[in-house]
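What follows is a set of notes on a single structure, which appears directly below.
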Amino acid sequence: MLKVKQHLPIFDWGQRYSKRKLAGDLTAAGIVTIMLIPQSLAYALLAGLPAQVGIYASILPLVAYTLFGTSRALAVGPVAVVSLMTASALAPLGISSVTDYIAAAGVLALLSGLMLLGMGLLRLGVVANFLSHPVIAGFITASGLLIAVGQVKHLIGISSSGHNLPEIIETLWSNVGDINLSTMMIAAFALTSLVWMRQSLSRVLQDRLDMPIGLAGTIARVGPVFAIVGTVLLSWGLDLPELGVGVVGVVPTGLPPFSVPLTNWSVLSALIGPAVLISIIGFVESVSVAQTLAAKRQHRIDPNQELTALGASNLASGLSGGFPVTGGFSRSVVNYDAGAQTPAAGAFTAIGLLFAAVYLTPLLYFLPKATLAATIIVAVLSLVDFSILKTAWRYSKADFTAVATTMLLTLLVGVEAGVAAGVLISLLLFIWKTSRPHVAEVGLVPGSQHFRNIYRHNVLTDPRLVTLRIDESLYFANARRMEDLVLERVHMDRDSLEHVVLMCSAVNDIDLSALESLETINQRLNDLGVFLHLSEVKGPVMDRLKCGHFLTKLTGEIYLSQYDAYSELTGAQPVSSD
C-alpha cells in the first residue's frame, strides 16, 4: 500500500479528505476556471493552434495531475514559454494543414510526456538542480520579451512571422502600411484595462469596498475575463469584424477528441529534440512553482513524482487534442490564494473547463485576437526581469556571461538555440568551477584547534609542514590541477619541507582519476624525501580508498583531525578543544 501511495498520491491525501477541504477546492476551482478560459485561448494562439486546442490542453492534464501530483496548489496547463517553444518546434516543419499541425502538436506532447515519465522512473528529479537559476531566469526573460514582440502583429492588425527578434521586427516593419486603426483601438482598450486591473484594481477594491486583501487580489488576477467580456461586447455591438478586426471566429463545441495523434516519421524525428528541451524547461518551471507554494504551507513535494505527474499530464494532453503543458505560475498562485487544499481542485477545474468547451465556446466568436494578444503581453511582461544581468555582473562575471549569452541567443537565433545554450552553459559552468578547486594553505589559529587560510588570518605555521585544505570533491576534471598545485607548493620550500598534509574535510568523493593523481603525488613526494599525509577523511571516502592499494603505499599517516596531524608532526603542545 505504501508503494501505491508513493506512485498515486491521491490515495494518500484522499483518505484525509474532508468537507472543509472540499469547500476550499471548489472555490479555487471556480476562480481558476474563469481565469483559465482566456489564458487557454491565448496560449493556443501563441502556439499557432486553433483556440479550442488551448481548452482541450487544460482539461485531462488537470485530471492526470490530480491522480499523480504531489503539489496541493499547482495548476497544470498551457503556459507562455512552453507555448512559444511549441510554436518554434512546429513552424519549421512546413505543415500547411491545420489538422496535421494539431496532430504534430499532440505528438510533441506525447513525446514530452514519455520523456518525463522515463525521467521519473529513473528518479531523475535531481536534474532540476543542474540547471543554473540565473541562466533559466535569463532564458525566461528573453522568451517573455520575444513573446511580447511577437504579439504586436495582433495589436495592430497586420501579419508577420519569424522565430527570433530580428525576423519579427523585419516583417513587422515591412507590413507597417497595413495597420488597422480599429484593431489598434480595441487593443489599446484591452491593454489599458488589463494593466489597470493588475496594478490598481486590488487597491481600489480594498479601499472603496473594504474587501479583504486576498479576495481583492484574486479578483484582480482574473481581470482578463472582464477585458474579454468587454471587448466581445464591443466587437459584437460595433460589428468590428466588418472593419477588419481579427476575431477568434467559430470555436468548435464539444468534448475534447480522444485519439492517438499520427504523423510521419520525418516529423516525429524532427520533434524529438524540441521535446527534450520542452520537458526540461517545463519540469524546472513547474517544480520551482510547486516548491515555492509548498513551502508557504510547510508542505513538501517529491520532484521524482512530479516528473511522473507532468509526464502523465502531457500524455493526457496529447491524447485529447492538446499540446505540451506544465505547471503555470500565475494560475497556480491564484489557485493557492483562492484556497485550494488538495490536487482535487484541479479535477474540479477540469469539470468547469469541460462545461465551457461544451456550452460556452459559441460566445467567443466575436472575441478579438487583439484582446488575447494583450492578455499574453501583460502576462509575460511580468516574466521579464533584466535586473538579473546587473545582479550577475556584480556577483560573478562567469554567471553574467552565461546569462547574457542565453538571452542573446534566445532573442537573436531562437528559443531552441537559447534553451539549448542555457542547459549546455549550466553544465559547462558546473564543470569549469569544479575543475578549478579552491586549495588553501592553512595554519593553526593560536590558542585553538582550528585551521584557517594563512593569507587571510594570523596563524601558526611550521617550515617542516605544509597543510593544504582541498575545498572540492576530487574527480577526473580537477585531479590534474590538484596534482599541479600540490607539487608547485612543495617546490617553493624544497629544502626545509618534510611533510605535506592534505586536509580533506570538504572532499565528499574521490574518483579513480583523482586516486591515480594521489598515487602520483605520493610517489613524487617520496622521491623528494617528503611524506604525504591525509587528515579529516570522511567515512565514505575512506571506504573507497580501502578498495585500492593507495593506503598501503601511502608514505605518511591518515589523521582523524588536522590538529592531531599538526601536533604530532611539529611536536606542538596540545591545546584543549573546549
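We number each residue from 1, following the sequence as shown. Owing to the predicted nature of the structure, the values given are computational and were not obtained by experimental measurement.
- Heavy-atom contacts from other residues, nucleotides or ligands closer than 6.0 Å to NZ of Lys397 number more than 12.
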Tyr395 and Phe400: CA distance, side-chain angles, deciding distance, ring-ring contact (aromatic ring centres under 6.0 Å, His included) verdict: CA-CA 8 Å; Tyr395 189 77; Phe400 172 81; over 10 Å; no
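- At a threshold of 4.0 Å, the pair Arg469-Asp471 counts as salt-bridged, since one of the basic side-chain nitrogens sits closer than that to a carboxylate oxygen.
- A donor-acceptor pair under 3.5 Å is absent between the side-chain atoms of His457 and the main chain of Arg452, judged by distance alone.
- The shortest side-chain heavy-atom distance between Glu472 and Asn508 does not fall under the 4.5 Å cut-off.
- Arg481 CZ: more than 12 foreign heavy atoms inside a 6.0 Å radius.
- In this structure, the side chain of Thr141 engages the main chain of Asp385 through a donor-acceptor pair within 3.5 Å.
- Dense packing is recorded around CZ of Arg489, with more than 12 heavy atoms of other residues, nucleotides or ligands lying under 6.0 Å away.
- Considering OG of Ser112 and CD1 of Ile278, their distance stands at 6.0 Å, rounded to 0.5 Å.
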Side chain to side chain donor-acceptor pair (under 3.5 Å) between Glu306 and Thr70, intermediate numbers included: CA-CA 7 Å; Glu306 286 299 293; Thr70 60; 2.7 Å; yes
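- Between Arg464 and Ser496 the shortest side-chain heavy-atom distance does not fall below 4.5 Å.
- Tyr559 OH: more than 12 foreign heavy atoms inside a 6.0 Å radius.
- A donor-acceptor contact shorter than 3.5 Å is absent between the side chain of Thr86 and the backbone of Ala47.
- At a threshold of 4.5 Å between non-hydrogen side-chain atoms, the residues Ser83 and Phe323 count as touching.
- Proximity of a side-chain donor or acceptor of Asn164 to a complementary backbone N or O of Gly414 within less than 3.5 Å is not detected.
- Here the CG atom belonging to Leu525 is positioned 5.5 Å from the CG atom belonging to Leu532, to the nearest 0.5 angstrom.
- The main-chain N or O of Ala392 is never found under 3.5 Å from a side-chain atom of Ser396 such that the two would form a donor-acceptor pair.
- The existence of a salt bridge linking Asp511 and Arg544 is excluded, since no basic side-chain nitrogen approaches an acidic carboxylate oxygen closer than 4.0 Å.
- Between the side chains of Asp564 and Ser561, at least one donor N or O sits under 3.5 Å from an acceptor N or O.
- Counting heavy-atom neighbours within 6.0 Å of His549 NE2, excluding the residue itself, gives a total of 12 or less.
- We find the CG-CZ distance between Asn304 and Arg123 to be 4.0 Å, quoted to the nearest 0.5 Å.
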From CA spacing to verdict: side chain to side chain contact (heavy atoms under 4.5 Å, CB included), Val79, Arg331: CA-CA 9 Å; Val79 300; Arg331 71 174 69 100; 3.7 Å; yes
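- In this structure a side-chain-to-backbone donor-acceptor pair under 3.5 Å is present from Ser313 to Pro61.
- Here CE of Met542 is found 6.0 Å from CG of Leu551. Values are rounded to the nearest 0.5 Å.
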From CA spacing to verdict: side chain to side chain contact (heavy atoms under 4.5 Å, CB included), Leu502, Leu518: CA-CA 10 Å; Leu502 298 184; Leu518 287 176; 3.8 Å; yes
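- Here the side chain of Ser435 pairs a donor or acceptor atom with the backbone of Trp432 at under 3.5 angstrom.
- Looking at Thr405, its side chain never comes within 3.5 Å of a backbone N or O of Ala402 through a donor-acceptor pair.
- By the 6.0 Å contact criterion, CZ on Phe550 is enclosed, its count of non-hydrogen atoms from other residues, nucleotides or ligands being greater than 12.
- Between Leu474 and Met482 there is a side-chain heavy-atom pair separated by less than 4.5 Å.
- At least one side-chain heavy atom of Ile281 sits under 4.5 Å from a side-chain heavy atom of Met85.
- Side-chain N or O atoms of Asn314 include one that pairs as donor or acceptor with a backbone N or O of Val325 at under 3.5 Å.
- Side-chain N/O atoms of Thr434 and Tyr475 include a donor and acceptor closer than 3.5 Å.
- None of Val380, Val82, Ile376 except one satisfies the side-chain contact (heavy atoms from CB on, under 4.5 Å) rule with Leu46; the exception is Ile376.
- Minimum interatomic distance between Gly418 and Thr410 (heavy atoms only, all atoms of both residues): CA-OG1, 3.1 Å.
- Once rounded to the nearest 0.5 Å, the distance linking CG of Leu307 with OG of Ser286 reads 9.5 Å.
- Inter-residue side-chain proximity for Glu519 and Leu515 is flagged as met; some heavy-atom pair is nearer than 4.5 Å.
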Audit row: Arg394, Asp399, salt bridge (charged side-chain N to carboxylate O under 4.0 Å, His left out) steps and yes/no: CA-CA 10 Å; Arg394 287 180 174 178; Asp399 283 334; over 6 Å; no
Lys553 vs Asn522, side chain to side chain donor-acceptor pair (under 3.5 Å): CA-CA, chis, key distance, verdict: CA-CA 8 Å; Lys553 297 180 179 180; Asn522 185 59; over 6 Å; no
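- Counting heavy atoms of neighbouring residues, nucleotides and ligands inside a 6.0 Å radius, atom CG of Asp543 exceeds 12 of them.
- Counting only N and O atoms by type, the side chains of Gln341 and Arg72 include no donor and acceptor under 3.5 Å apart.
- A heavy-atom distance below 4.5 Å is not found between the side chains of His499 and Val466.
- A donor-acceptor pair under 3.5 Å is absent between the side-chain atoms of Ser88 and the main chain of Val415, judged by distance alone.
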Verdict with reasoning, Gln562 to Thr467, per side chain to side chain donor-acceptor pair (under 3.5 Å): CA-CA 9 Å; Gln562 176 56 33; Thr467 296; 2.9 Å; yes
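- Taken to the nearest 0.5 Å, the CG atom of Asn478 stands 15.0 Å off from the NZ atom of Lys433.
- The side-chain heavy atoms of Val459 and Leu444, taken from C-beta on, include no pair separated by under 4.5 Å.
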